[in-house]
Amino acid sequence: MRRRHLLLAMAGMALAMGGAERPTGLQALAAKRGLVWGSALSHTALADAGLAALLLENVGTITPENALKWEATEPEPDRFDFRPVDRILAFAQQNGLSVRGHTLVWHHQLPPWLEELPAKELEKAMERHVRTVAALGRGLIRSWDVVNEPIAEHGAGLRRSLWLVRLGPAFISHALCWARLAAPGAQLIINEYGLEGDDPITARKRSTLLALIDRLRRDQIPLDGIGLQAHLLAPGSGSPQFTTLASFLQELHWRGLKVQITELDVSDRELPADIAVRDARVAETYDRFLEVVLREPCVEQITTWGLSDRDSWLNSTFPRSDGLPQRPLPYDEHLRAKPLRSIIAARLIQTTPPMEPIPSRRHGSVLPIGHHQG
Ligand code: XIL
């Protein structure tokens, strides 16, 4: 209860600081602390003037939600279709936004032809795909999710995707090297979900990922950062905790990696129907999560998976058992700001990143930490 009062007070303060009528955009608040704020969007959503205006008010970077996935970009072998993504790139260019490239090598949303290829052909197809798609939007696409979700669901080892089964673990190194050739100026990212919590599966996923990173580092494979998808779940009971997250982020930092929060949203599927209860618990989860990540200097950008509840993927992929639409994002289905939006703003204003250097365990020296890169 005390925490809830605090949240409301913080929300009020954010409104006061941003002016009562038009609160300061999230990107403007993020930029003040050297961070970039972003949102995913579909190319069709751009036709909605209301949503486009909200995006321009709040974000500095956008992620095509589906338009860069393999089934969209290369529906048939060597026939590329960049029309949907071109609309998003044009919107970004016209409005001075950067773009996150999502995603080059994943096990979902693949065209059927790919799944039938023998290993040698599959490897060639991957090279052609990565080299062609990663060359898009030079200058605009500042980071690429080169490999998405490579860790096994329960955390032990790599995921037995078609890539791993047919090409072996080297598929990750190959994808990163080809991406570097095609997009020499872009940050290369491995993006993964389920890295945020305090449960044993998360702990296993983290160690598998750290071992993968160490192997890539040893082999001098290019890798600039890790994406934490952060599809979070508001807990049905108890308070949201992210007790072990800060030390995991520091492990990444010690390895010289940047961290991007790439797909943030909070599902309310374990909560009762009451909207006030759901909104409060979702907001509390965001607040606690942001409080932790905003303190870590390696975190340089935060993207939510959409801006408005209307566009959330959760209702089709993880629906509530009562069928009610979920409320996982800062704007409601009518594109009106929810209290959550003010809570996010207040967190951006309030949480200061540490200014003192963080000791590097690896080199026994001290890494200089300034403000984040914009
Ligand atoms: C989701 C999209 O939001 C949906 O529209 C699509 O039907 C399925 O994929 N992790 C990812 C994203 O990396 O690409 C997924 O996006 C959500 C989970």
Side-chain angles (χ1 to χ4, degrees), residues 38-48 51 55 59 61-75 84-85 87-88 99-112 114 129-130 133-134 136 141 143-155 158-159 161-164 172 175 179 187-197 201-202 205 209 225-233 259-269 289 301-320 325-331 333:
S39 170
L41 83 158
S42 70
H43 67 286
T44 46
L46 281 183
D48 178 338
L51 183 76
L55 283 166
V59 308
T61 189
I62 50 179
T63 307
E65 187 173 350
N66 291 302
L68 273 174
K69 291 174 182 172
W70 202 312
E71 67 177 8
T73 51
E74 197 184 356
V85 77
R87 283 162 66 183
I88 295 181
V99 177
R100 297 199 72 260
H102 176 80
T103 175
L104 296 170
V105 180
W106 193 25
H107 57 282
H108 277 314
Q109 294 178 273
L110 295 173
L114 197 64
H129 186 82
V130 171
V133 179
L136 281 175
I141 303 189
S143 34
W144 275 103
D145 291 337
V146 179
V147 181
N148 198 26
E149 304 180 346
I151 311 296
E153 190 143 343
H154 296 293
L158 296 179
R159 177 186 296 278
S161 65
L162 101 153
W163 303 113
L164 183 73
I172 298 175
Q187 287 175 299
L188 306 183
I189 306 286
I190 292 180
N191 194 43
E192 186 54 88
Y193 70 93
L195 294 171
E196 301 82 14
I201 292 180
T202 300
K205 276 190 112 160
L209 179 64
I226 296 298
L228 266 63
Q229 291 187 6
H231 291 296
L232 308 177
L233 183 67
V259 171
Q260 304 185 351
I261 308 300
T262 53
E263 307 185 14
L264 177 60
D265 57 16
V266 177
S267 170
D268 62 28
R269 65 182 179 272
F289 176 74
Q301 51 171 281
I302 301 179
T303 284
T304 56
W305 208 237
L307 271 187
S308 135
D309 293 340
R310 189 193 63 188
D311 299 319
S312 173
W313 71 302
L314 288 171
N315 293 320
S316 51
T317 312
F318 297 108
R320 287 176 58 90
Q326 298 195 49
R327 301 175 58 82
L329 290 165
Y331 288 83
E333 72 277 24

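Remember, it's 1-based here, ligands and their atoms both numbered in the order they're listed.
- Between His129 and Trp70, the ring planes lie parallel to each other; the angle is under 30°, not in the 30° to 60° tilted range.
- His102 places no side-chain N or O within 3.5 Å of a backbone atom of Leu68 that could act as its donor or acceptor partner.
- Counting only heavy atoms of the protein, atom 17 (C) of ligand 1 lies nearest to Trp313 CZ3, 3.5 Å.
- Closest approach of Gln229 to Glu196, counting heavy atoms only: N-OE2, 3.8 Å.
- Ligand 1 has a nitrogen or oxygen under 3.5 angstrom from a nitrogen or oxygen of Trp305.
- Selection from Thr317, Asn66, Thr63 by nearest heavy atom to atom 4 (C) of ligand 1 gives Asn66.
- In summary, of the residues considered (Thr61, Asp145, Asn191), a side-chain hydrogen bond (donor to acceptor under 3.5 Å, both in side chains) with Arg100 occurs for Asp145 alone.
- Numbered from 1 in the order shown, with element, the atoms of ligand 1 that lie under 4.0 Å from a heavy atom of Glu263 read 10 (N), 11 (C), 12 (C), 13 (O), 17 (C), 18 (C).
- Note on ligand 1: Tyr193 sits outside its first shell, no heavy atom being nearer than 4.0 Å.
- Across every non-hydrogen atom of Asp268 and Gln326, the tightest pair is N-OE1, 3.1 Å.
- Residue contacts with ligand 1: Gln109 is placed with a nitrogen or oxygen under 3.5 Å of a nitrogen or oxygen of the ligand (distance criterion only).
- Compare Lys69, Glu65, His108 by their heavy atoms: the one nearest to atom 9 (O) of ligand 1 is in Lys69.
- For the pair Ala40 and Thr303, the tightest heavy-atom approach, listed with the atom from each and the gap, is N-CG2, 3.9 Å.
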